[in-house]
Amino acid sequence: MAAGYMLNRGVLTFRLHCQLVSRSPSLIQVREKKRWMKAYTHIMAKKLKLEGPPPPKPRWQQPNWDYHSEVQAFSSRLHENFTLELLKTAFVNPCYLQAEQERRKQLGVDSEATALVLKDNFQLSKKGEGLTKSFLTDWCRASFPSLPHEGVECIVGHLSSPSVVTYVARNLGIEDLTMSAEFPVPDEVLNSTFMAVIGALEESSGAERAAFFLRDFLLTQLIGKDLFDMWTVVNPMGLLVEELSKRNIPLPEPRLIRSAGASTVLPLYFVGLYSGTKLLAQGPGETLVGAEEEAARVALRKLYGFTENRRPFDFSPQQQHQRTLLQSASSN
């Protein structure tokens with residue numbers, strides 16, 4: 001009887017302990033993920049793999065978008081004084097107007113009653129393209145007076161190429177404001193839009209402000225670029241001989257300066273170009289011909305003033321540059 005009493009008391013004590021533990025809020029177990037989450041995630045991953053990612057949407061199809069405010073913000077962000085109507089016209093491409101007219105015809109909308117009052121950016125684009133090429137050409141001739149006409153054209157062609165212009169345009173946020181028939185905006189459409197923005201800035205604030213804009217955003221793309229990455233020279237030694245002949249300098253004579261690993265699969269040769277007793281340049285190469293061509297390229301960079309250790313370009317505003325010169329002159 002005593003044993004049964006002790007057993008019942010132990011059972012009651014255990015039940016009471018379990019009730020107290022279950023009531024404790026700190027010991028309640030909570031699942032971090034729902035039971036249906038694993039199956040749902042698996043189905044969505046499988047759907048993404050089969051259908052691919054969703055097509056990109058232009059910014060104007062996303063929420064919280066006000067085109068008028070965005071155009072004004074674009075002008076303020078670049079610290080430029082655009083005429084608002086000209087800037088809006090610069091973003092309207094002819095392909096957008098054509099696509100909009102076709103869409104209205106398919107919807108059965110009367111084209112005469114609801115005619116588009118938009119003007120495309122064709123004229124602004126032509127004007128901006130002409131200003132860009134003339135400014136870049138003048139700047140290259142002033143910065144590198146020894147550079148021949150072919151080299152200047154190659155540098156200008158690189159800076160005004162669609163790859164460089166579209167890179168700058170996308171980083172300035174022009175793609176989000178461009179009104180185009182396709183999205184993502186094709187490179188040629190984005191290129192013409194950027195040129196139209198230059199034309200709108202010229203008509204709004206003058207050619208000087210447009211030149212400063214090109215200096216700040218296009219000319220800075222020359223930083224870190226090598227001359228012969230933009231200008232393809234097939235025969236550098238022949239070009240060097242031609243340049244030295246124009247300057248009445250003795251013709252270059254290649255000489256092997258030093259070499260290493262000539263009997264291995266990775267040889268290295270250093271060839272120096274001497275004009276009389278003066279060392280013009282030296283260059284490395286895996287073969288004697290390759291080292292001679294590299295030395296010729298180094299000599300051409302020195303002649304044209306486009307060396308790797310040249311003085312950095314001065315992209316500071318003209319007034320600030322003059323103020324610095326005055327301060328340095330007064331301190332001396």
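Along the sequence shown, residues are numbered consecutively beginning with 1. Only heavy atoms go into these numbers, but all of them, side chains included; no hydrogens, no water, no symmetry mates. The structure presented is a predicted model; accordingly, all values stated were derived computationally and were not measured.
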Legend entry - Heavy atoms of other groups near E286 CD, more than 12 under 6.0 Å: no

Legend entry - Straight-line distance of S161 OG to D187 CG, nearest 0.5 Å: 10.5 Å

Legend entry - S75 side chain to N81 backbone, donor-acceptor under 3.5 Å: no

Inset, instruction - Nearest 0.5 Å please: distance from the CG atom of L239 over to the CG atom of L244. - result: 9.5 Å

Inset, instruction - Verify side-chain contact (heavy atoms from CB on, under 4.5 Å) between F194 and L172, making sure each step is shown before the conclusion. - result: CA-CA 10 Å; F194 181 83; L172 291 179; 4.1 Å; yes

Inset, instruction - Tell me whether L256 is reachable from L280 by hopping between hydrophobic residues (I, L, V, M, F, W, Y) whose side-chain heavy atoms are closer than 4.5 Å. - result: no

Inset, instruction - Would you sort out whether S192 and N121 count as a side-chain hydrogen bond (donor to acceptor under 3.5 Å, both in side chains), showing the intermediate values? - result: CA-CA 8 Å; S192 64; N121 60 1; 4.9 Å; no

Inset, instruction - Report yes if some heavy atom in the side chain of I174 is under 4.5 Å from a heavy atom in the side chain of F74; otherwise report no. - result: yes

Legend entry - Heavy-atom closest contact (T287 atom, G290 atom, distance): OG1-N, 3.1 Å

Inset, instruction - Could you tell me whether the side chain of I155 reaches within less than 4.5 Å of the side chain of L159, counting heavy atoms only? - result: yes

Legend entry - Within-4.5 Å side-chain heavy-atom neighbours: P148 and Y304: yes

Inset, instruction - Say whether, by atom type as modelled, one donor and one acceptor occur between the side chain of N93 and the main chain of C95 under 3.5 angstrom. - result: no

Inset, instruction - Can you see which heavy atom on Y269 is nearest to which on S259, and at what distance? - result: CD2-CB, 3.6 Å

Legend entry - Value rounded to 0.5 Å, distance of CZ in F306 from OG in S146: 13.0 Å

Legend entry - Nearest non-hydrogen partners of I257 and Q282, listed with the distance: CD1-OE1, 3.5 Å

Inset, instruction - Check whether Y167 and L222 end up in the same hydrophobic cluster, where Ile, Leu, Val, Met, Phe, Trp and Tyr are linked by side-chain heavy atoms less than 4.5 Å apart. - result: yes

Inset, instruction - Applying side-chain contact (heavy atoms from CB on, under 4.5 Å), run through L214 and W139 and close with a yes or a no. - result: CA-CA 11 Å; L214 292 172; W139 183 89; over 6 Å; no

Inset, instruction - For S204 and T83, indicate whether the former's side chain and the latter's backbone hold a donor-acceptor pair under 3.5 Å. - result: yes

Inset, instruction - Using atom types as modelled and distance alone, determine if a side-chain donor or acceptor of T166 lies under 3.5 Å from a backbone N or O of S163. - result: yes

Inset, instruction - Apply the test side-chain contact (heavy atoms from CB on, under 4.5 Å) to residues L84 and H68: give CA-CA distance (whole Å), side-chain angles for both, the deciding distance (0.1 Å), then the verdict. - result: CA-CA 9 Å; L84 194 59; H68 181 77; 3.1 Å; yes

Inset, instruction - Determine whether K127 and L131 make a side-chain contact, defined as any pair of heavy atoms from C-beta on separated by less than 4.5 Å. - result: no

Inset, instruction - Mind checking the CZ-CZ spacing from R301 to R310? Nearest 0.5 Å is all I need. - result: 10.0 Å

Inset, instruction - State plainly whether one hydrophobic cluster holds both V289 and F270, where clusters connect Ile, Leu, Val, Met, Phe, Trp and Tyr through side-chain heavy atoms under 4.5 angstrom apart. - result: no

Inset, instruction - State the CG-CG distance between L177 and L87, to the nearest 0.5 angstrom. - result: 7.5 Å

Legend entry - Note, H42 side chain near K38 side chain (heavy atom, < 4.5 Å): no

Legend entry - Residue pair E294 / P284: nearest heavy atoms and the distance that separates them: CB-O, 3.5 Å

Legend entry - CA sep, side-chain torsions, deciding dist, call: L78, F217, side-chain contact (heavy atoms from CB on, under 4.5 Å): CA-CA 11 Å; L78 297 181; F217 295 109; 4.1 Å; yes

Legend entry - Gap between atom CG of L97 and atom NZ of K119 - 0.5 Å precision: 12.0 Å

Legend entry - Expected output: side-chain R141 to main-chain D138 donor-acceptor under 3.5 Å: no

Legend entry - Joint cluster assignment, F135 & L201, ILVMFWY side-chain distance < 4.5 Å: yes

Legend entry - Test item: L147 and L227 side chains (from C-beta on) under 4.5 Å apart, heavy atoms: yes

Legend entry - Main-chain N/O of Q62 paired to K57 side chain as donor or acceptor, under 3.5 Å: no

Inset, instruction - Search all heavy atoms of A281 against all heavy atoms of A295 and return the closest pair with its distance. - result: CB-O, 3.5 Å

Legend entry - Least distance between heavy atoms, L273 atom then P252 atom: CB-CB, 4.4 Å

Inset, instruction - Taking atom CZ of F122 as the centre, report whether more than 12 heavy atoms of other residues, nucleotides or ligands fall under 6.0 Å from it. - result: no

Inset, instruction - Give the C-alpha distance, both sets of side-chain angles, the deciding distance and a yes or no for salt bridge (Lys or Arg N to Asp or Glu O under 4.0 Å) between E70 and R59. - result: CA-CA 11 Å; E70 292 292 337; R59 184 63 183 87; 5.3 Å; no

Inset, instruction - Taking S275 for its side chain and K278 for its backbone only, find out whether a donor-acceptor pair lies under 3.5 Å. - result: no

Inset, instruction - Output yes when a side-chain donor or acceptor of T193 lies under 3.5 Å from a complementary backbone atom of F91, and no otherwise. - result: no

Legend entry - Hydrophobic cluster membership, V156 vs W231, 4.5 Å side-chain cutoff: yes

Legend entry - Side chains of S180 and P186 in contact at under 4.5 Å (non-hydrogen atoms): yes

Legend entry - Heavy-atom side-chain contact between M195 and V165 under 4.5 Å: yes

